[in-house]
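Note that the structure is a prediction, hence the values are computed from the model and not measured. Order of listing sets the numbers, starting from 1, for every ligand and every atom in it. Any value given below was found using the heavy atoms of this structure, including those in side chains, with hydrogens, waters and symmetry copies removed.
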Amino acid sequence: MIEQLQKYKEELEKVAVMSAEEVEQLRIKFLGQKGILKDLFGAFKSVPNEQKKEFGRQLNELKNLAQEKISDLKSAVSDQEEEDGSINDLTLPGNYKELGARHPISLVRQEIIDIFAGIGFSISEGPEVEDDWHNFTALNFPEEHPARDMQDTFFVENKNGEEDLVLRTHTSSVQVRIMEAGNPPIRTISPGKVFRNEAISARSHCIFHQVEGLYIDKGVSFADLMQTLQYFASELFGPKAKIRMRPSYFPFTEPSAEVDVWWGLENESDYRITKGTGWLEIMGCGMVDPNVLINCGIDPNEYSGYAFGMGIERIAMNRYGIDDIRMFFENDIRFLRQFKSAF
Ligand code: DAH
């Protein structure tokens, strides 16, 4: 048996330049499914015990030799082809490579980032699994307060016997982390995934994306907030975009508002999209509540600020005329192909 191994080795060592086809034949002979090496490994069982060690060693050597030799021969073949010009013929038709497309959520997220980056906002991120403090308590949601029910929370059992964690229900949790970590002025947006325990339907999903905005400095006013959002809307929806603010409630802002953008009311789909009002709700916002500033170690007598939070799916649905939010998560290639190429 061992002599046979030697012979194969010699055979391999003797091999010189070959054509692509011959290399392939050699590969099949030694490394193929029914090749010599497969056979020899199979025969290992029947080698007498005292020879097993030596046989195993030589068998491995043979395997390495075969792999090395074949890969050397292959690269020699392709070098040769290059020299001959057979693969450098520029008159040959190119190989068509299908390009991927960016996901519509990524496209809209990037658009939003670009608009705010252009006016001096940095980009920040926080964890998707949060503690109660960052998702609720620091944001002025009192313990047991019904406001916590505004957001159906997924709880994550904490095995260490510590308090349970949550899948963050909004990106407002990142505000808290940013304020705790640094001193004003702060001007940042935080895009990310959020999770709510909601029934999945055409209009709502248990996973979606938000972009949070935060601006803290001396003398920041509601007028600054309005100007910034007006600018944002005109960049995103065009120079004629009109916005309006409706008073609202969030525990972490005071005063709070919801922002609608004028969509129009000309045809049936405008009616459907805007529920007959012509206005489309795109985000919540407000002046950061002094309690939140205190919770995050910022003196509300010295600093003030605004915050806002918007849903990316909502904007993407309207931008592309998508009427079922589930499309974003199904990864149906026929849907995804319709968006702008990634290159
Ligand atoms: N966190 C809110 C939500 O998920 C959105 C929001 C509203 C964020 C007002 C804010 C804000 O920063 O000021 O519904």
Side-chain angles (χ1 to χ4, degrees), residues 109 112 116 121-128 130 132-142 145-154 166-180 184 186-198 203-217 220-229 232-233 243-261 280-293 295-296 298 300 303-315 325:
R109 183 185 54 195
I112 297 170
F116 283 105
F121 281 73
S122 66
I123 317 298
S124 48
E125 283 184 353
E128 290 171 2
E130 262 300 2
D132 179 276
W133 170 256
H134 291 94
N135 197 75
F136 290 122
T137 305
L139 288 166
N140 206 29
F141 285 78
H145 190 279
R148 290 185 189 224
D149 297 340
M150 278 163 68
Q151 312 191 335
D152 297 313
T153 311
F154 282 118
V166 298
L167 295 187
R168 68 177 175 197
T169 58
H170 52 183
T171 42
S172 301
S173 55
V174 189
Q175 278 188 33
V176 177
R177 292 189 172 269
I178 301 290
M179 286 192 274
E180 283 175 340
I186 295 169
R187 195 161 23 175
T188 189
I189 56 167
S190 323
K193 267 198 200 97
V194 300
F195 308 85
R196 293 193 195 169
N197 190 2
E198 285 187 31
R203 303 290 306 169
S204 65
H205 207 286
C206 59
I207 306 177
F208 54 101
H209 299 78
Q210 289 187 332
V211 177
E212 188 77 13
L214 179 70
Y215 179 32
I216 309 281
D217 203 347
V220 178
S221 72
F222 202 88
D224 297 320
L225 172 61
M226 285 184 79
Q227 282 305 313
T228 307
L229 295 183
F232 168 70
I243 59 167
R244 73 172 185 189
M245 285 179 159
R246 282 176 292 109
S248 185
Y249 170 75
F250 299 102
F252 34 92
T253 42
E254 183 58 38
S256 305
E258 266 163 308
V259 180
D260 299 335
V261 55
L280 185 75
E281 185 198 317
I282 56 163
M283 68 173 104
C285 67
M287 300 305 292
V288 180
D289 193 292
N291 286 340
V292 176
L293 294 176
N295 287 340
C296 301
I298 292 176
Y303 292 105
S304 59
Y306 62 68
F308 54 85
M310 66 189 99
I312 302 184
E313 277 77 2
R314 165 60 68 90
I315 294 172
I325 195 172

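Taking distance alone, with nitrogen or oxygen atoms compared against 3.5 Å, A307 approaches ligand 1 more closely than that limit. Between T169 and ligand 1, not a single N/O pair is under 3.5 Å apart.
Those atoms of ligand 1 with a heavy atom of F250 less than 4.0 angstrom away are 7 (C), 9 (C). Per-residue contacts place T253 under 4.0 angstrom from the following atoms of ligand 1 (heavy atoms of the residue considered): 13 (O). Those atoms of ligand 1 that come under 4.0 Å of a heavy atom in G286, given as number and element, are 13 (O). Heavy-atom contacts of Q210 reach the following atoms of ligand 1: 3 (C), 4 (O) (cutoff under 4.0 Å).
Relative orientation of the Y215 and Y306 rings is perpendicular, given thresholds of 30° and 60° on the angle between their planes.
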Apply side chain to side chain contact (heavy atoms under 4.5 Å, CB included) to the pair M245 and C285, showing each step before the final yes or no. CA-CA 9 Å; M245 285 179 159; C285 67; 3.9 Å; yes
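Evaluated by nearest non-hydrogen atom to atom 3 (C) of ligand 1, the leading choice among M283, Q175, E254, R196 is R196.
Looking at D152 and R196, no side-chain N of the basic residue comes within less than 4.0 Å of a carboxylate O on the acidic one, giving no salt bridge. At a threshold of 4.0 Å, the pair R177-E130 counts as salt-bridged, since one of the basic side-chain nitrogens sits closer than that to a carboxylate oxygen.
Judged purely by distance below 3.5 Å, without hydrogens or angles, the side chains of S124 and T188 pair a donor atom with an acceptor atom.
Separation of atoms CZ (R168) and CD (E212) is listed at 9.5 Å; rounding is to 0.5 Å.
With a 4.0 Å heavy-atom cut-off, ligand 1 is reached by the side chain of F252 but not by its N, CA, C or O.
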